[in-house]
Asker: 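Sharing a structure with you now.
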Amino acid sequence: MNRTAQTQTETQMNAEKPVASSGGLPGRLRLRSSQLPMHALLWAYVVLVLFPLVWLLLSSFKTNREITVNTWALPKRLDFANYKAAWETAHIGTYALNSLFVTLAACFLTLLLSSATAFALSRMTFKGLSKRVYAFVLLGLIVPPSAVFIPLYQLVTDIHLINTLRSLILVYCTYALPITIFILHAFMQSIPRELEEAGIMDGLEAAGLFARIILPITVPALVTVFILAFIGNWNEYIFSQLFVTSESLRTLPTGMATFNDGYRTNFASLSAAVIISIIPVLAVYMFLQRQIIDGMTAGSVKG
Amino acid sequence: MNKALRNPWTYAAFVVPTLLLYALFFVYPVIVSFIYGLYRWDGVSPKVFIGIDNFKRLLQDAVFLKALGNNLYFMAFSLIVNIPLVFLIAVAISKVRRMRGFYKSAVFIPVVISTATVAILFGVLYDYESGLINQALRLVGGDGWALEWLSKPNLAMLSILIANAWQNVGFFIVLCLAAILNIPREITDAAKIDGVNGWSETRLVTLPLIRPILFVILLLTVSGTLKVLDIVQIMTNGGPFQSTEVMSTYMLKVGFRSLELGYGSAIGVAMFVITMIMTGVLQRMSKSEEVQF
């Protein structure tokens with residue numbers, strides 16, 4: 001379509017908006033057809049993005065030979081042999097459990113520490129000190145963790161945490177703190193003082209105000225930062241690869257990468273392994289997509 | 001003001017644990033990496049102080065310069081290809097009325113998949129014999145069109161960039177879309193009364209008004225491409241012939257394979273400084289660009 005024609009379609013589309021909103025059927029039909037180029041563009045893009053995943057799903061039911069010869073065909077039968085092989089040789093079950101443990105532990109630690117700190121910094125009366133502490137913590141948003149791999153590795157070795165899941169929990173937590181405190185601090189600052197006053201009348205101490213009044217109000221923000229931290233930790237690769245050497249302690253991303261190194265040519269098993277590792281994430285995404293999208297983008301909009 | 005919120009012990013109990021963890025795993029390593037950078041050290045024998053020799057060496061290290069160049073290539077590709085694509089798709093989604101939610105969820109799917117998995121997925125897609133991409137090319141242009149995506153030095157970087165775009169573009173589309181939908185109706189209506197429509201609306205109204213978010217995307221792209229690591233390490237680990245080496249993969253090789261911890265730390269410090277300078281300059285440039293509705 002040439003430029004003028006396209007502009008014309010656009011003009012039509014915009015001119016028709018009032019007609020559409022008044023609900024006339026012919027208007028709506030015309031509106032839809034003028035939006036067709038947009039839908040075509042978006043469908044093309046969505047297919048381009050999602051087709052690799054669909055192809056991989058189909059490949060995961062084929063044999064290696066079928067993948068090469070019948071690349072485009074549907075699998076001959078629904079054969080779960082690849083899944084069985086991937087599950088057994090790739091130890092995906094163990095890795096997924098390790099990932100789940102590390103991710104949840106790090107998330108809860110992050111939420112506990114950062115909500116307490118954000119409360120103290122935003123609502124307790126040490127204004128000057130709080131300002132400095134807050135600025136200090138936010139420095140963490142600037143420094144890329146990749147710049148400190150070597151000293152961090154040395155440190156984790158020196159305090160005898162190397163090759164433990166605890167090292168991952170503590171490091172994940174630390175690197176999630178700045179952004180989490182940033183988001184919770186902003187949220188808690190916007191809570192009106194009056195809400196605390198009833199609690200103060202009842203004689204609540206600061207800790208009580210935090211746990212009984214502020215924390216329940218902060219739940220939406222807590223959900224956001226929990227998701228942000230959860231996805232980050234669940235997908236984290238490099239710390240896990242550096243700090244954990246035992247096979248049995250690997251997390252899912254490192255386990256997958258190792259499996260990839262060993263089975264680079266066995267696409268049937270590799271496809272199945274990738275699908276197994278994607279499915280839980282997609283399942284959760286289906287149910288919580290709005291929260292996940294909000295959570296993951298929360299940090300960058302304000303930053 | 002009440003006494004409850006003035007209790008210094010509660011304040012300390014709420015703040016100190018966070019600060020301890022932060023000091024131990026963040027502040028200390030940052031400081032130490034600057035110090036290590038001044039030494040020659042293999043991790044076992046005593047450290048030898050060599051001043052700024054490591055940093056001088058960086059400037060003459062062909063591999064490091066190549067790696068830095070690759071990071072800049074990564075950045076240029078992301079800015080020139082990814083960002084216009086992000087804008088195009090975000091505008092398109094904002095213009096349709098039906099299925100907006102579906103498009104938004106669909107483009108975001110790759111974002112929730114781990115980089116490790118994406119790297120493996122594309123390893124399979126790029127395979128010479130049976131990978132989807134070569135099979136598609138063969139279908140279109142015959143056997144001659146199949147390419148060795150990851151093992152040809154002049155193609156490998158591009159292959160990684162495509163995989164990276166596949167994974168990241170959706171995130172930025174959603175950011176950009178949120179900003180576009182946030183533009184008050186009155187403004188677009190007023191523009192329409194003035195006769196601004198269609199793509200000229202996009203150019204004259206939408207684009208200027210979402211400059212702040214485009215700037216955030218620019219900043220995230222610049223800092224993200226300077227520290228890129230996972231996807232390169234798993235797909236090629238810098239190969240073939242260091243054609244895809246980036247600063248962070250080189251740092252890990254120097255530090256953990258050659259056991260030159262001093263020099264490796266110096267590379268880390270250089271990455272930090274380069275990121276600071278680039279994002280600092282960008283931020284300075286954008287100071288005057290606030291948009292208020």
Side-chain angles (χ1 to χ4, degrees), chain A residues 7 10-11 14 35 38-39 41-42 45-46 49-50 52 55-56 67-68 71 113 116-117 119-120 123-126 133 137 140 143-144 146-148 150-152 155 170-171 174 177 200 204-207 209 231 235 237-238 253 256-257 260 267 270-271 274 277-278 281 285 289 293 297 300, chain B residues 1-2 4-7 10-11 14-15 17-18 21-22 25-26 28-30 32-33 36 89 92-93 95-96 103 105-108 110 112-117 120-121 123-125 129-130 132 135 174-175 192 197-199 216 220 227 229-230 234 248 252 255 261 264-265 268 271-272 275:
Chain A
T7 319
E10 287 305 316
T11 319
N14 285 305
Q35 286 192 343
M38 290 294 170
H39 283 290
L41 170 72
L42 290 170
Y45 181 76
V46 168
V49 167
L50 299 187
W55 180 78
L56 200 77
I67 294 177
T68 314
T71 310
L113 292 177
T117 304
F119 171 78
R123 308 201 66 89
M124 291 185 71
T125 26
F126 301 87
V133 172
V137 172
V143 182
S146 47
V148 298
I150 293 171
L152 196 56
L155 172 70
L170 293 172
V171 169
T174 306
L177 283 174
I200 292 168
L204 283 182
E205 286 290 319
L209 287 174
I231 304 246
N235 290 342
Y237 167 70
I238 203 75
M256 291 289 297
N260 181 44
F267 292 120
L270 217 48
S271 310
V274 170
S277 80
I278 292 179
V281 182
Y285 178 67
Q289 34 179 291
I293 291 177
T297 50
S300 36
Chain B
M1 266 302 150
N2 60 88
L5 289 169
R6 222 173 281 165
N7 184 340
T10 316
Y11 187 84
F14 278 18
V15 173
T18 298
L21 206 59
Y22 185 69
F25 289 108
F26 177 75
Y28 171 78
V30 169
V32 167
S33 75
Y36 280 2
I89 301 295
I93 298 180
K95 281 195 189 281
V96 300
Y103 291 133
S105 315
V107 301
F108 202 78
V112 296
I113 299 173
S114 76
T115 309
T117 308
I120 298 167
L121 164 67
V124 177
L125 296 181
E129 284 300 323
S130 43
L132 174 67
Q135 294 287 44
V174 168
L175 279 188
K192 253 166 234 154
N197 268 316
W199 284 110
V216 168
L220 290 174
K227 67 176 185 208
L229 172 58
D230 300 18
I234 303 172
S248 52
L252 289 181
L261 299 185
S265 298
M271 283 176 65
F272 171 62
T275 311

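Here is how names work: the chains are called A, B, and so on, in the same order as the sequence lines, proteins then strands, and each is numbered from 1.
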Asker: Under a 4.5 Å heavy-atom cutoff, which of A/Val274, A/Val133, A/Leu152 has the most pairs with chain B?
Answerer: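 Looking at each option in turn, the highest pair count goes to A/Leu152.
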Asker: Show, in sequence, the C-alpha distance, side-chain angles and deciding distance for A/Trp55 and B/Val124, and conclude whether the side-chain contact (heavy atoms from CB on, under 4.5 Å) test is met.
Answerer: CA-CA 11 Å; A/Trp55 180 78; B/Val124 177; 3.9 Å; yes
Asker: Given a strict heavy-atom distance threshold of 4.5 Å, which part of A/Ile293 is in contact with chain B: side chain, backbone, both, or neither?
Answerer: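 For A/Ile293, backbone and side chain are both near chain B.
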Asker: Less than 4.5 Å to any heavy atom of chain A: does that hold for the side chain of B/Leu252, its backbone, both, or neither?
Answerer: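 Side chain only.
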Asker: So, taking the atom named OH in B/Tyr103 and the one named CG in A/Leu41, what distance separates them when rounded to the nearest 0.5 Å?
Answerer: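 Here the rounded value is 9.0 Å.
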Asker: Which answer fits B/Leu21, side chain, backbone, both or neither, if we ask what part of it has an atom under 4.5 Å from a heavy atom of chain A?
Answerer: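 Answer is both: backbone and side chain atoms of B/Leu21 are under 4.5 Å from chain A.
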Asker: Counting heavy-atom pairs under 4.5 Å with chain B, which one of A/Ala206, A/Ser271, A/Ser277 comes out on top?
Answerer: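 Among A/Ala206, A/Ser271, A/Ser277, the one with the most close pairs to chain B is A/Ala206.
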Asker: If we define contacts as heavy-atom pairs under 4.5 Å, which of A/Leu204, A/Val137, A/Val281 has the most with chain B?
Answerer: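 That would be A/Val137.
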Asker: Report yes or no: does A/Thr117 contribute a side-chain atom to a donor-acceptor pair with the main-chain N or O of B/Phe14 at less than 3.5 Å?
Answerer: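 Side chain of A/Thr117 to backbone of B/Phe14: a pair is present.
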Asker: Of all of B/Val30, B/Val15, B/Val112, which one pairs up most often with chain A through heavy atoms under 4.5 Å apart?
Answerer: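 Option with the greatest count: B/Val112.
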Asker: In terms of heavy-atom pairs under 4.5 Å, which option from B/Val32, B/Ile120, B/Thr10 contacts chain A the most?
Answerer: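 Heavy-atom pairs under 4.5 Å are most numerous for B/Ile120.
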Asker: Top residue by heavy-atom pair count (under 4.5 Å) with chain B, among A/Leu270, A/Leu177, A/Asn260?
Answerer: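 Between A/Leu270, A/Leu177, A/Asn260, the count favours A/Asn260.
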Asker: Can you confirm whether A/Val49 sits close enough to B/Val107 that some side-chain heavy atom of one is under 4.5 Å from a side-chain heavy atom of the other?
Answerer: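 Sidechains of B/Val107 and A/Val49: no contact.
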Asker: Is the shortest heavy-atom distance from the side chain of B/Phe272 to the side chain of A/Val148 under 4.5 Å?
Answerer: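 Side chain of B/Phe272 against side chain of A/Val148, heavy atoms only: no contact under 4.5 Å found.
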Asker: Might you point out which heavy atoms bring B/Asn7 and A/Met124 nearest each other, and give the distance in Å?
Answerer: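 Here B/Asn7 and A/Met124 meet closest at O-CE, 3.5 Å.
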Asker: Side chain, backbone, both or neither: which part of B/Val174 has an atom under 4.5 Å from a heavy atom of chain A?
Answerer: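 Contact with chain A involves the side chain of B/Val174 alone.
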Asker: Looking at every non-hydrogen atom in both residues, tell me the closest pair between B/Lys227 and A/Pro144 and how far apart they are.
Answerer: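 Shortest heavy-atom separation between B/Lys227 and A/Pro144 comes out as CD-CB, 3.8 Å.
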Asker: Got A/Tyr237 and B/Ile234 here, is their nearest side-chain heavy-atom distance under 4.5 Å?
Answerer: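 Of all side-chain heavy-atom pairs linking B/Ile234 with A/Tyr237, at least one is under 4.5 Å.
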Asker: Identify which part of B/Phe108 has an atom lying under 4.5 Å from any heavy atom of chain A, answering side chain, backbone, both or neither.
Answerer: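 Its backbone and side chain both get close to chain A.
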Asker: Between B/Ser33, B/Pro17, B/Gly255, B/Ser105, which residue shows the highest count of heavy-atom pairs closer than 4.5 Å to chain A?
Answerer: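 Heavy-atom pair counts peak at B/Ser105.
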Asker: What distance do A/Ile67 atom CD1 and B/Gln135 atom CD have between them, rounded to the nearest 0.5 Å?
Answerer: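 Reported to 0.5 Å precision, the distance equals 10.5 Å.
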Asker: So for A/Tyr285, is it side chain, backbone, both, or neither that comes closer than 4.5 Å to the heavy atoms of chain B?
Answerer: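 A/Tyr285 touches chain B through side-chain heavy atoms alone.
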Asker: Minimum heavy-atom separation for B/Tyr22 to A/Thr174, with atom names?
Answerer: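 That closest heavy-atom pairing would be CA-CG2, 3.9 Å.
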Asker: Taking B/Leu5's backbone N and O only, do any of them form a donor-acceptor pair with A/Thr125's side chain (distance below 3.5 Å, no angle check)?
Answerer: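 It does hold such a pair.
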Asker: For residues B/Lys95 and A/Met38, report the shortest heavy-atom separation together with the two atoms involved.
Answerer: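 So the two residues come closest at CD-CE, 3.5 Å.
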Asker: Is it the side chain or the backbone of A/Gln289 that comes within 4.5 Å of chain B heavy atoms, both, or neither?
Answerer: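 Just its side chain gets close to chain B.
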Asker: As an exercise, state the distance from CD1 of A/Ile278 to OG of B/Ser114, rounded to the nearest 0.5 Å.
Answerer: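 Rounded to the nearest 0.5 Å, the CD1-OG separation comes to 8.0 Å.
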Asker: Hey, which of B/Leu121, B/Leu132, B/Leu229, B/Thr275 has the most heavy atom pairs under 4.5 Å with chain A?
Answerer: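 Of the options given, most contacts go to B/Leu132.
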Asker: What I'd like to find out is whether the side chain of A/Ile238 reaches to under 4.5 Å of the side chain of B/Asp230, using heavy atoms alone.
Answerer: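 The answer is yes, as the side chains (C-beta and beyond) meet within the 4.5 Å cut-off.
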Asker: What pair of heavy atoms forms the shortest contact from B/Ala106 to A/Leu50, and how long is it?
Answerer: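 Looking at all heavy atoms of both residues, the closest pair is O-CD2, 4.1 Å.
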Asker: Select, from A/Val46, A/Ile231, A/Val171, A/Leu113, the one with the greatest count of heavy-atom pairs under 4.5 Å involving chain B.
Answerer: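 Top count of heavy-atom pairs under 4.5 Å with chain B: A/Leu113.
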Asker: Do the side chain of B/Tyr28 and the main chain of A/Leu155 share a donor and acceptor less than 3.5 angstrom apart?
Answerer: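 Checked: no pair found.
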Asker: State, yes or no, whether a side-chain contact exists between B/Phe25 and A/Leu170 at a heavy-atom distance under 4.5 Å.
Answerer: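 A side-chain contact under 4.5 Å exists here.
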